[in-house]
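Below is one structure, written out as structure tokens; the observations come after it.
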Amino acid sequence: MKINAKNLPKKEEDIQQFLVDYFSGKDIRILEQDDNYIDVLLSNHESSDYYIDPRILEGLKWWDKNIMIKQIPDQFRNLVKYQLSLNDNWTIYSWSLWLEKRLLENDVPNEIVILHIDDHTDCMPPLLFKKDNLFINPFNNEEVNLFNPNTVRRAIESGAISIGSFMTLFLHSMPRIQFRHLMPKHRLSKAQVSGKVNRGFLSDETIQPYQERPLLSFSPSEGIKSNLEYSVFTEVDDFLKDISSTASILLHVDMDYFNNRFDGDSDWRSHEFNHDPSAEIVYKNIEETFSTIEKSNITKRIENYTVALSPGFFPVEFWKESVSIINRVLIEKS
């Protein structure tokens, strides 16, 4: 893929970091470079170092002994009651399958409640370009349509929808959403403000001139109702209260809500604070959170359930027992 050199940092040492941030989740190799263009080759990471967690290979062996590091971004499976994935961007693929089904039933939802349990908002701008009222995947020039799951899947596989950016496309595409976010208490001081979600666009000429990518911002509601609302919670009971009785409910759980030791950062040990509770606390909180949801009066209204293990964020040492607890609560006790 060719990149216009004029849009890159001037210092050579800053170019690689720019490319890493721009092509999120991809391994980047510069093939050719001159004053006008840089030609890069993108691929999935093959080194376990990328995922930071020293036990990542142990986690893969548990997940599927036949897969390699470079296959991590492609991993998801449908269990009895929920989709389980490694990376969290597969959430929007599950939502797309759900929307396709609703469309075929001639019952497209007018109002959606997203129950988002996560250490992050996942509202970064995806690498999609606006064209009229469509969003285009620049890797294959295909429209990414939430009612066509194959286009969403290809956007995930290409890197156009990366981890941390899947929510943005969904909030740009659906007419009325209440976005409810349960986050750890330590995140509250840096949380987005509860209120309204604003759709916008980010100018981008890195690959193609005069392009715009979907962007979200947050602002207080100031007493005015909005079709896109964001609410922050730190207690699961409050999180499940006062949900519209007519809305379709989607539940997404990123397991880094329970422990985010690495936070995707190889320098995690130098962080002022690490969200790294003990195994005993992690398992207790998982059991209590999923049980509270299952016992709530909205559990039968949840139409789509996704869980992501988030390698490089949620430590591998918790994966097996955590999934066992979730299965026990969602499947064996139901």
Side-chain angles (χ1 to χ4, degrees), residues 76 78-85 88-118 121-123 126 128 130 132-135 143-156 161 165-182 192 194-200 214-216 218 221 224-233 236 239-254 293-294 296-308 330 334:
F76 71 95
N78 291 308
L79 303 181
V80 173
K81 212 171 175 181
Y82 65 103
Q83 175 188 276
L84 178 66
S85 63
D88 69 351
N89 47 347
W90 285 103
T91 298
I92 196 171
Y93 177 66
S94 184
W95 291 352
S96 181
L97 289 169
W98 170 74
L99 284 172
E100 180 188 47
K101 182 174 181 289
R102 292 289 298 263
L103 179 64
L104 292 173
E105 294 170 349
N106 198 27
D107 187 24
V108 176
N110 294 317
E111 181 183 9
I112 295 172
V113 170
I114 296 173
L115 298 178
H116 182 61
I117 302 177
D118 201 320
T121 58
D122 295 327
C123 290
L128 300 172
K130 179 179 179 289
D132 299 321
N133 293 320
L134 309 177
F135 291 107
E143 177 195 353
V144 180
N145 183 340
L146 286 180
F147 292 90
N148 185 340
N150 286 331
T151 68
V152 175
R153 181 169 186 155
R154 286 189 286 269
I156 294 169
I161 300 175
S165 72
F166 68 88
M167 196 70 72
T168 305
L169 174 62
F170 201 81
L171 267 64
H172 260 266
S173 302
M174 305 309 296
R176 190 177 178 194
I177 295 178
Q178 187 181 74
F179 179 21
R180 299 169 72 90
H181 186 181
L182 179 66
Q192 300 287 356
S194 291
K196 60 182 179 178
V197 184
N198 309 293
R199 294 173 179 147
L215 184 72
L216 295 175
F218 300 79
S221 62
I224 300 173
K225 292 292 290 181
S226 170
N227 284 335
L228 296 177
E229 296 180 347
Y230 177 69
S231 304
V232 175
F233 302 88
V236 68
F239 177 62
L240 300 173
K241 286 180 183 175
D242 303 321
I243 292 176
S244 168
S245 61
T246 58
S248 299
I249 301 175
L250 311 179
L251 175 63
H252 165 64
V253 184
D254 189 322
I293 293 169
E294 281 298 285
S296 73
N297 61 6
I298 60 99
T299 187
K300 294 187 184 304
R301 294 179 50 211
I302 298 173
E303 299 187 31
N304 185 275
Y305 216 127
T306 59
V307 177
L330 295 187
S334 62

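The residues of the chain are indexed from 1 along the displayed sequence. This one's a predicted model, so the numbers in the text were calculated from it and none came from an experiment. Only this structure's heavy atoms are used, side chains among them; waters, hydrogens and symmetry mates stay out.
Here the side chains of L99 and P109 are in contact, with some heavy-atom distance below 4.5 Å. Looking at E111 and T246, their side chains come closer than 4.5 Å, going by heavy atoms from C-beta outward. Between L79 and V307, every side-chain heavy-atom pair lies at or beyond the 4.5 Å cut-off.
Applying the side-chain hydrogen bond (donor to acceptor under 3.5 Å, both in side chains) criterion to Y305, with sequence neighbours excluded, gives no partner residue. Take Y93 and apply the ring pair (Phe, Tyr, Trp, His ring centres under 6.0 Å) test, not counting sequence neighbours, and it matches F76, W90. Residues satisfying the ring pair (Phe, Tyr, Trp, His ring centres under 6.0 Å) test with F218, not counting sequence neighbours, are Y230.
Screening F179, F170, F166 for a ring-ring contact (aromatic ring centres under 6.0 Å, His included) involving H252 leaves a single residue, F166. Considering T299, I298, T306, I117 in turn, I117 is the only one that fulfils the side chain to side chain contact (heavy atoms under 4.5 Å, CB included) rule with L251. Considering M174, E100, H172 in turn, M174 is the only one that fulfils the side chain to side chain contact (heavy atoms under 4.5 Å, CB included) rule with L146. Just one residue in the list R180, H181, M167 forms a side chain to side chain contact (heavy atoms under 4.5 Å, CB included) with I114, and that residue is M167.
Under 3.5 Å, the side chains of S221 and E229 contain no donor-acceptor pair of N or O atoms.
One finds the CZ atom of R176 at 11.5 Å from the OG atom of S248 (value rounded to the nearest 0.5 Å). The line from OG of S244 to CD of Q178 is 7.0 Å long, rounded to the nearest 0.5 Å. Between I112 atom CD1 and L228 atom CG the span is 10.5 Å, to the nearest 0.5 Å. Rounded to the nearest 0.5 Å, atoms OG (S173) and CD1 (I92) are 7.0 Å apart. Here L97 contributes atom CG and N150 contributes atom CG; the two are 8.5 Å apart, rounded to the nearest 0.5 Å. Distance check: L171 CG to N198 CG gives 11.0 Å after rounding to the nearest 0.5 Å.
For N145 (side chain) and F147 (main-chain N/O), a donor-acceptor pair under 3.5 Å exists by modelled atom type. When atom types are taken as modelled, the side chain of K225 and the backbone of N227 share no donor-acceptor pair closer than 3.5 angstrom. Using a distance-only test at 3.5 Å, with no hydrogens or angles considered, a donor-acceptor pair links the side chain of N89 to the main chain of I161.
Closest heavy-atom contact between V113 and A247: CG2-CB, 3.6 Å. Counting all heavy atoms, side chain and backbone alike, N78 lies closest to Q83 at OD1-CB, 3.7 Å. Shown here for C123 and L216, the closest heavy-atom pair between the two residues is SG-CD1, 3.8 Å. Counting all heavy atoms, side chain and backbone alike, T168 lies closest to P214 at CG2-O, 3.6 Å. When every heavy atom of S96 is checked against every heavy atom of N148, the shortest pair comes out as OG-C, 3.9 Å. V144 approaches A155 most closely through the heavy-atom pair CG2-CB, 3.9 Å.
Ion pair K81/E294 flagged as a salt bridge, since at least one NZ, NE, NH1 or NH2 atom sits closer than 4.0 Å to an Asp/Glu carboxylate oxygen.
Atom CZ of R102 has more than 12 neighbouring heavy atoms from other residues, nucleotides or ligands inside a 6.0 Å radius. Shown here is N110, whose CG atom has no more than 12 heavy atoms of other residues, nucleotides or ligands within 6.0 Å.
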Checklist entry - Between L115 and I293, is a side-chain contact (heavy atoms from CB on, under 4.5 Å) present by the stated rule, with each step listed? => result CA-CA 11 Å; L115 298 178; I293 293 169; over 6 Å; no
